[in-house]
Amino acid sequence: MIHSWDLDESEALRIQKHLASKVIKKDQLDAVRYVAGVDVAYDEKSGQLVAAAVVLDAGSLDVAETAIAEDVARFPYIPGLFSFREIPPLAKALKTLTIAPDLIVCDGQGIAHPRRFGIASHLGVLFDVPTIGCAKTRLTGEAGQPGIQRGSHAPLTDHGEVIGNVLRTQNNVKPIYVSIGHRISLSTACDWILKLSPHYRLPETTRKSDQTVRRALKNRLSF
DNA sequence: GCGACAG
DNA sequence: ATCTTGTCGC
């Protein structure tokens, strides 16, 4: 289920609306042996997008394999069309893996999206693999306020429709937005994020103390 | 028309 | 995404 990536905004919208109907919003996953986490960074000096994929053994959570790939950015960042910018390098990295992940955690929304087709859903439908949308900030919808304790959650709704969960993965730390990507239910998705969250640094990387320390170090070292 | 707006 | 300065809370 592949399509061109050399397109304009209106073509992207058309493809997005078409593919949104293919998203499966219930559990349809085999026994998860390997879980992958993927993310993309942008280097504005070279105009290159760098994608990374890390595969974990789902039992031990040990790293089983990693992959990295670069690609020129050929689509601008447009809220709502994010996947058309980041999926090309991501697909490149995923194709070099020798292990096929049974579940992929994405840095961005799944169906918590204006047309219910964020990057996690797009990646899931393209590769026909279960995916979870895991975003640091809200794109659309009305966010409930979860309790302060890890595991607390509140619904993310759009005109009464539940499109995701606002989930607290660490005590006293900003919650994240979890939504269905593809072939998984919201509750199963949240279970996986809670299982994985002690092992990743998604909310922590945005903590002010962390930023302040990095800034201070950088300023001292450059002089 | 104006504000909002994943990374 | 990436970069910086200013403010607030514990």
Side-chain angles (χ1 to χ4, degrees), chain A residues 5 9 12-13 16-17 19-20 23 37-53 68-93 104-126 131-143 148-149 156-159 163-167 169-182 186 189 193 200-223:
Chain A
W5 295 103
E9 190 171 338
L13 275 170
Q16 193 171 69
K17 287 172 186 168
L19 291 181
V23 174
V38 295
D39 195 17
V40 177
Y42 178 57
D43 177 24
E44 67 173 24
K45 306 277 184 184
S46 62
Q48 295 274 310
L49 291 162
V50 187
I68 194 162
E70 292 187 26
D71 200 2
V72 277
R74 12 180 167 169
F75 198 87
Y77 169 64
I78 301 171
L81 294 176
F82 180 48
S83 57
F84 291 91
R85 178 179 175 82
E86 291 206 343
I87 284 188
L90 261 157
K92 219 168 156 181
I104 299 178
V105 179
C106 303
D107 185 13
Q109 317 286 356
I111 64 168
H113 177 279
R115 292 167 294 281
R116 307 292 181 263
F117 200 68
I119 188 168
S121 298
H122 199 158
L123 194 70
V125 168
L126 282 188
T131 56
I132 297 172
C134 189
K136 296 180 287 297
T137 61
R138 184 191 62 89
L139 170 62
T140 200
E142 214 170 282
I148 205 81
Q149 297 298 321
L156 176 66
T157 56
D158 191 15
H159 302 294
I163 57 176
N165 262 343
V166 187
L167 177 68
T169 56
Q170 304 290 323
N171 294 342
N172 282 310
V173 171
K174 183 170 75 76
I176 59 170
Y177 299 79
V178 178
S179 59
I180 293 171
H182 186 54
L186 182 56
I193 295 303
Y200 70 5
R201 294 173 37 89
L202 198 148
E204 290 94 323
T205 51
T206 58
R207 284 169 63 181
K208 292 182 178 186
S209 58
D210 199 348
Q211 290 185 335
T212 303
V213 168
R214 287 193 340 213
R215 186 167 69 226
L217 269 174
K218 183 184 173 185
N219 289 341
R220 281 186 187 221
L221 292 174
S222 63
F223 178 65

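In what follows, chains are A, B, ... by sequence order, proteins preceding strands, each numbered from 1.
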### Message
Does any part of the side chain of A/L156, heavy atoms only, come nearer than 4.5 Å to the side chain of A/S179, both counted from C-beta?
### Response
no
#### Entry: N/O donor-acceptor pair under 3.5 Å between A/K136 side chain and A/K174 backbone
no
### Integer-rounded Å distance: B/dG7 P and A/I119 CD1
10 Å
### Query
Looking at residues 38-48 of chain A, who's got a heavy atom less than 4.0 Å off DNA chain C?
A/A41, A/Y42
### Query
So, do A/F82 and B/dG7 meet the stacking rule of ring centres under 5.5 Å and planes under 30°?
no
### Message
Are A/R115 and A/L81 packed together at the side-chain level, in the sense that at least one heavy-atom pair is separated by less than 4.5 angstrom?
### Response
yes
#### Entry: Between B/dG7 (P) and A/H113 (NE2): distance, integer Å
12 Å
### Task
Please confirm whether the backbone N or O of A/R116 pairs with a side-chain atom of A/Q16, one donor and one acceptor, at under 3.5 Å?
no
### Message
If I take atom CG in residue A/L13 and atom P in nucleotide B/dC5, what distance separates them, rounded to the nearest angstrom?
### Response
19 Å
### Whole-Å gap separating P (B/dC5) and OH (A/Y177)
10 Å
### Task
Look up atom NE2 in A/H113 and atom CZ in A/F82, then write down how far apart they are to the nearest 0.5 Å.
10.5 Å
#### Entry: For atom CZ of A/R85 and atom C1' of C/dA1, their distance in whole Å
7 Å
Find every protein N or O atom lying less than 3.5 Å from an N or O atom of nucleotides 2-4 of chain B, and list the pairs.
none

### Task
Say whether, by atom type as modelled, one donor and one acceptor occur between the side chain of A/K92 and the main chain of A/E70 under 3.5 angstrom.
yes
### Query
Mind pulling the stems DNA chain C is in, i.e. runs of at least three Watson-Crick or G-U pairs, everything under 3.5 Å?
none
### Task
Determine: side-chain N/O of A/K136 to OP1/OP2 of B/dA6, distance under 4.0 Å, yes or no.
no
### Query
side chain to side chain contact (heavy atoms under 4.5 Å, CB included) between A/Y177 and A/V166: does it pass, once the steps are laid out?
CA-CA 5 Å; A/Y177 299 79; A/V166 187; 3.9 Å; yes
### Task
Using atom types as modelled and distance alone, determine if a side-chain donor or acceptor of A/T131 lies under 3.5 Å from a backbone N or O of A/H182.
yes
### Summary
Rounded to whole Å, the CD-P distance (A/E86 to B/dA6) equals 12 Å
### Query
Where the side chain of A/R85 meets the backbone of A/I78, is there a donor-acceptor pair that is under 3.5 Å apart?
no
### Query
For the pair made of CZ in A/R115 and P in B/dA6, what is the distance, rounded to whole Å?
13 Å
### Query
Say you draw a straight line from CZ of A/F84 to CG of A/L13; how long is it, rounded to the nearest 0.5 Å?
7.5 Å
### Message
Measure CG/A/L81 against P/B/dC5 and give the value in whole Å, please.
### Response
17 Å
### Message
Regarding A/G133, tell me which of base, sugar-phosphate or nothing describes its non-hydrogen contacts under 4.0 Å with the strands shown.
### Response
nothing
### Query
Could you give the distance from CG (A/N165) to OG1 (A/T157), rounded to the nearest 0.5 Å?
10.5 Å
